[in-house]
K.L.:
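There's a structure below that I have some questions on.
Protein chains get the first letters and strands the later ones, always in sequence-line order, with residue 1 at the start of each.
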There are 2 protein chains.
Amino acid sequence: MGSQAETEGYLPLSESTFFILLSLATSPKHGYAIMKDVQQLSRGRLHLSTGTLYGALKRLLEGGWITQIEEKSLPPTKRMRRAYALTAQGESILLAEIARLWELLQAAEERGFAKD
Amino acid sequence: MGSQAETEGYLPLSESTFFILLSLATSPKHGYAIMKDVQQLSRGRLHLSTGTLYGALKRLLEGGWITQIEEKSLPPTKRMRRAYALTAQGESILLAEIARLWELLQAAEERGFAKD
DNA sequence: CCTTAATATGTCGTATGACGACATGTTTTT
DNA sequence: AAAAACATGTCGTCATACGACATATTAAGG
């Protein structure tokens with residue numbers, strides 16, 4: 001039981017959200033680094049606009065999917081670099097989404113769209 | 001080359017659209033039959049509301065992803081059964097979406113989320 | 001027969017989220 | 001010193017999912 005039941009209601013993830021979570025799964029990053037990483041992850045296909053990115057980060061924080069990491073070593077400036085990390089909740093949701101994607105492809109295979 | 005270049009701009013498909021196209025890929029169906037079929041395809045996970053379904057069908061018709069099939073054998077009533085079929089364009093887009101889903105899972109695998 | 005369930009199609013309002021445009025600040029490189 | 005890259009954010013618009021509501025037709029059961 002546990003994680004699966006609690007995560008199902010949040011699916012499907014948008015493509016942006018999927019890549020943001022996947023990017024943070026490897027290591028914590030700040031916004032700009034996520035943007036660059038997602039471009040690589042998607043082989044250049046997805047270019048997150050800042051509107052999408054920071055809007056998404058705000059939502060993910062509010063939902064507890066990610067947390068903010070303090071960077072106390074840096075002096076406080078007006079625009080602070082804020083690093084984000086995936087929470088256990090966020091990872092559960094990402095895993096559930098990956099499972100969902102497999103199900104979509106299984107459904108496609110059942111209808112004759114083989115993995116070729 | 002053909003279909004791929006023209007279809008890229010339409011991705012990602014929403015989950016609803018993906019299942020509607022996949023359902024019509026097997027055989028033409030009318031709206032209600034699509035609704036039932038999608039429930040099976042998604043193993044009961046996705047229940048299309050009529051608002052989503054008929055809204056999507058309208059959009060897909062306008063975009064030329066599906067066409068309407070005449071059922072002239074039936075007498076004309078106020079609420080006609082309208083059957084829909086996938087067009088070549090629609091099938092190209094579905095194939096492109098399936099390829100995109102594979103890419104998402106490949107990206108997940110690259111980051112350590114193995115298939116199992 | 002008649003009534004109920006299943007089949008079938010549609011509209012409307014609301015909420016979410018992607019995205020481009022705009023705005024601004026900081027660090028590194030030339 | 002200037003320019004490029006790094007970095008964070010807001011705002012308005014558009015697309016679309018979805019539940020609620022409305023209605024019509026056909027099949028099945030009592």
K.L.:
Could you tell me how far apart B:K58 (NZ) and C:dG10 (P) are, to the nearest whole angstrom?
P.N.:
10 Å
K.L.:
In whole Å, what is the span from the CE atom of A:M35 to the P atom of C:dC19?
P.N.:
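From A:M35 CE to C:dC19 P: 13 Å.
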K.L.:
Send over the distance from A:H30 NE2 to C:dT27 P, rounded to a whole Å.
P.N.:
12 Å
K.L.:
I'd like to check the side chain to side chain contact (heavy atoms under 4.5 Å, CB included) partners of A:T50; sequence neighbours left out, ordered by chain and number.
P.N.:
A:M35, A:Y54
K.L.:
Think B:R82 has a side-chain N or O under 4.0 angstrom from the OP1 or OP2 of C:dT7?
P.N.:
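For C:dT7, OP1/OP2 do not have a side-chain N/O of B:R82 under 4.0 Å.
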K.L.:
Between A:R100 and A:E97 (salt bridge meaning N to carboxylate O under 4.0 Å), is one present in this structure?
P.N.:
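Result for this pair is yes, salt bridge flagged.
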K.L.:
C:dC19 C1' sits how many Å from B:Y10 OH, rounded?
P.N.:
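B:Y10 atom OH is separated from C:dC19 atom C1' by 18 Å.
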K.L.:
Which residues pass the side chain to side chain contact (heavy atoms under 4.5 Å, CB included) test with A:S49, sequence neighbours left out?
P.N.:
A:T52
K.L.:
Measure across A:A85 and A:I69 and return the closest heavy-atom pair with its distance rounded to 0.1 Å.
P.N.:
CB-CD1, 3.5 Å
K.L.:
Rounding to a whole Å, what distance do you find between A:K36:NZ and D:dA5:P?
P.N.:
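From A:K36 NZ to D:dA5 P: 9 Å.
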K.L.:
Closest nucleotide of DNA chain D for A:G55 versus for A:A33: which of these residues is on the 5' side?
P.N.:
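Upstream on the strand: A:A33.
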K.L.:
OP1 or OP2 of C:dA18 versus the side-chain N and O atoms of A:R59: is any pair under 4.0 Å?
P.N.:
yes
K.L.:
Roughly, in whole Å, what's the span from CG in A:L53 to C1' in D:dT10?
P.N.:
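Between C1' of D:dT10 and CG of A:L53: 14 Å.
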K.L.:
Kindly state which residues belonging to residues 38-47 of chain A come within less than 4.0 angstrom of DNA chain C, counting heavy atoms of the residue only, listed by number.
P.N.:
none
K.L.:
Once you apply a heavy-atom cut-off of 4.0 Å, does A:G31 come out as touching a base, just sugar-phosphate, or nothing?
P.N.:
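Sugar-phosphate, no base atom in range.
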K.L.:
Output all residues satisfying side chain to side chain contact (heavy atoms under 4.5 Å, CB included) with B:E109, sequence neighbours left out; order by chain, then residue number.
P.N.:
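For B:E109, the residues satisfying side chain to side chain contact (heavy atoms under 4.5 Å, CB included) (neighbours in sequence not counted) are A:W102, B:K115.
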K.L.:
In whole Å, I'd like the distance from the CD1 atom of A:I69 to the P atom of D:dT8.
P.N.:
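Roughly 13 Å, once rounded to whole Å.
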K.L.:
Could you work out, with side chain to side chain contact (heavy atoms under 4.5 Å, CB included) as the rule, every residue matching B:F113, not counting sequence neighbours?
P.N.:
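Listed in chain order: A:L22, A:A25, A:E91, A:L94, A:L95, A:I98, B:A108, B:R111.
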K.L.:
Minimum heavy-atom separation for B:G31 and B:L57, please, with both atom names.
P.N.:
CA-CD1, 4.2 Å
K.L.:
Using the rule given for side-chain contact (heavy atoms from CB on, under 4.5 Å), can you reason through B:Q68 versus B:Y84, listing the C-alpha separation, both sets of side-chain angles and the distance that settles it, and then say yes or no?
P.N.:
CA-CA 5 Å; B:Q68 224 169 297; B:Y84 303 93; 3.9 Å; yes
K.L.:
Is there a donor N/O on one and an acceptor N/O on the other, under 3.5 Å, for the side chain of B:T50 and the base of D:dA22?
P.N.:
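Checked by distance alone, the answer is no.
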K.L.:
List in numerical order all residues of residues 11-28 of chain B for which some heavy atom is under 4.0 Å away from an atom belonging to DNA chain C.
P.N.:
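Correct list: empty, so none.
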K.L.:
Under 6.0 Å from the CD atom of B:E110, do we count more than 12 heavy atoms belonging to anything else shown?
P.N.:
yes
K.L.:
Calculate the interatomic distance between B:E62 atom CD and D:dT16 atom P; express it in whole Å.
P.N.:
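Distance, rounded to whole Å: 10 Å.
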K.L.:
Look at B:Y32 and C:dT7 and indicate whether a side-chain polar atom (N or O) is within less than 4.0 Å of OP1 or OP2.
P.N.:
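True: B:Y32 side-chain N/O within range (under 4.0 Å) of C:dT7 OP1/OP2.
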